[in-house]
Number of protein chains: 2
Amino acid sequence: MQDIADKLGLSKGTVSLVLSGKARGSRVSEETCRKVRQTAEEMNYQPNEIARSLSTGKSMSIGVIVTDISNEFFGNLTFHIQEQAKKYGYTVITTNTNESLEEFNDAVTNLLNKQIDGIIFVPVVGGEKVAEKIIKRHLPVVQVDRYFPDMKASYIIVDNYKVSAEITELLIKKGNRRIAVVCYDIDLNALRERRQGYIDTMNRYGLLDTTLIKDINYEDQEEQIKQAIIDLKNNPDKVDAIFFCSRRVFITGVKHMHREGIKIPEDMEVLCFDKIDSFSIANIPIHYIEQPIGEMGKKAVDILIEQINGANDIKQYVLDAEIKHSI
Amino acid sequence: MQDIADKLGLSKGTVSLVLSGKARGSRVSEETCRKVRQTAEEMNYQPNEIARSLSTGKSMSIGVIVTDISNEFFGNLTFHIQEQAKKYGYTVITTNTNESLEEFNDAVTNLLNKQIDGIIFVPVVGGEKVAEKIIKRHLPVVQVDRYFPDMKASYIIVDNYKVSAEITELLIKKGNRRIAVVCYDIDLNALRERRQGYIDTMNRYGLLDTTLIKDINYEDQEEQIKQAIIDLKNNPDKVDAIFFCSRRVFITGVKHMHREGIKIPEDMEVLCFDKIDSFSIANIPIHYIEQPIGEMGKKAVDILIEQINGANDIKQYVLDAEIKHSI
DNA sequence: AATGATTAGTTAACCGGTTTAGCTATTGAA
DNA sequence: TTCAATAGCTAAACCGGTTAACTAATCATT
């Protein structure tokens, strides 16, 4: 800017006014504006956003903290967040927590120091204190996919309970009595709700049987899922269907169903919480729940930007997921 | 910093020296260091990285430009890049190009203005001029997955030709004569090489037949892949196997093979370039090529950081992919 | 006593923008 | 002719760090 000013015999301030589009209000002549813009072009001037940020206190970038971007769900979510942020002219810094509290903390600290304008994050078990740090700074924040119940902050999630109840009921109405559930035993409200939606519905129809509930330890999942499938196959009272509470459990579960020679859907039907891109390579009918990932990502950004622009009401959305069927 | 300095009757400079760890060289007393650090803690001082960046000219963040982070391959790649960058203390800003030249250009411009320390990017067709902008700024850069042949810059890619030739040969040696290929007609060297690896190998064995080569237009892929499958099914000289040149083509292709009642592997075997997380839900044997995504991501970061730290030799790695088999 | 070396810390410029008070010259009205 | 209003621009502070150059005091050495 100084170079442009020197070349035109103007001051740095004037050049800044023109280039930042604030020339009209402060009345810089049409002529000068044209010359400044032309010279900037000629000299291939590119603004230094860092300097601008320091001055304005706005970095024009937002932080996104997810569990693991290589996971189909979070990859999709992040994609939609990025595309929406792009529309608002915001840049996105993404970090993975790998479900670790320490990494979550590091991510938050780092983003705060980077003077980020807002944060969209997927809560990590035990991360309330860390999240409070964001609130204390009065930094706009939106939780996605999960939320801390005691935190006064915006969130946008899916009604896990409701859709799980619905899909269970759907299967019951189709004539299934013996529906099993396979779910991680992790203490995430999303997972608890999916499991509970199933349990309450089965109960309501008087079909609940604890031998149909298979809780899987995350660390030892391959083995435990395999065992769960074998158990269900050998259940004295024939099992009609299995509800897998998440993507990965479904993939591993179906694999072992194949290995055990369980025919889908003749022997058992399968339900999957989450859509998988490649359902169609499995030549079987699959009932699945499709979360509105795109809407969730877009809306999270919308809410965040509103807050960045001054809104200070907390928005908490609970979206409905859809029940679908492959093949 | 000024506040800390005031409270202790020191100068801002001294506080900066202590807090940035340069106190030893500039000899600030042990006592003063301790007091500064303690007071910083008490006042909950957090450095403003933006200010630091402006001053040092280093933003401690790198840009990553991929095609589409929601794609399993790029999601994985980005994940490994982020994890490795974290180790070096670098933050990652990710952007998607959606294979669009314009978006690629916007991303580069934006990252340059953000005073990023280096860029890792997946080339976009026609993006040579845009990439030159990075080079002209003498900004460290690493291309991944693809590369611009005429650009003097580091890259790290997989030997698409070689592994495609190998997998074709493997199938031939297993007794297959009529191997087809289904590939996008996009002008990406990665895809061209996969196709060519197949063609040259078939040729070498005297098995090449152009009715076995199916080029798919990206925009109309669903329909064209379907038609390709039907064509191959009806090929007068029975087709033994199909080599799908990428993930998505494979998924769509296998779907239509199922629909057409083609039995895998009895009627035809299938080959997929790229590993898919959920291969196991398809109860069929699949020959696939697994790219060393983790290594590619990690190495890309290593090379970039080396360059950021002053190395100015161009590194060009061609990694080997592995041939594997599901079930 | 003079000199040099060392220790401990200060000063002030600088990074590259933004922003606002205020200055000057011109125009228009009284 | 005089004064106010306005247009057009400048000067300088500011954002929050970093760092080269400098000062001042102490200690060791000759």
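Chain letters run A, B, ... following the sequence lines, proteins first and then strands; every chain starts at 1. Note that this is a predicted model, so its numbers are computed, not measured.
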Checklist entry - In Å and rounded to the nearest 0.5 Å, what is the CG to CG distance from B:N160 to B:L191? => result 8.0 Å
Next on the checklist: Any carboxylate oxygen within less than 4.0 angstrom of a Lys/Arg side-chain nitrogen, looking at B:K7 and B:E42?
Outcome noted: no
Next on the checklist: Under a 4.0 Å threshold between the charged nitrogen and the carboxylate oxygen, would B:K315 count as salt-bridged to B:E306?
Outcome noted: yes
Checklist entry - Which heavy atom of A:I62 sits nearest a heavy atom of A:A85, and at what distance? => result CD1-CB, 4.1 Å
Next on the checklist: Please determine whether a side-chain nitrogen of the Lys or Arg among A:E295 and A:K298 lies less than 4.0 Å from a carboxylate oxygen of the Asp or Glu.
Outcome noted: no
Checklist entry - Distance from A:I305 atom CD1 to A:D117 atom CG, nearest 0.5 Å? => result 8.0 Å
Item to check | A:K86/B:D106 salt bridge by N-O under 4.0 Å criterion | outcome: no
Checklist entry - Through what angle, rounded to 10 degrees, does the axis of the helix from C:dA1-D:dT30 to C:dA30-D:dT1 turn between its ends, using five pairs per end? => result 70°
Next on the checklist: Across nucleotides 5-18 of chain C, 5' to 3', mark each nucleotide with B, S or - according to how protein heavy atoms within less than 4.0 Å reach it.
Outcome noted: --BBBBB---BBBB
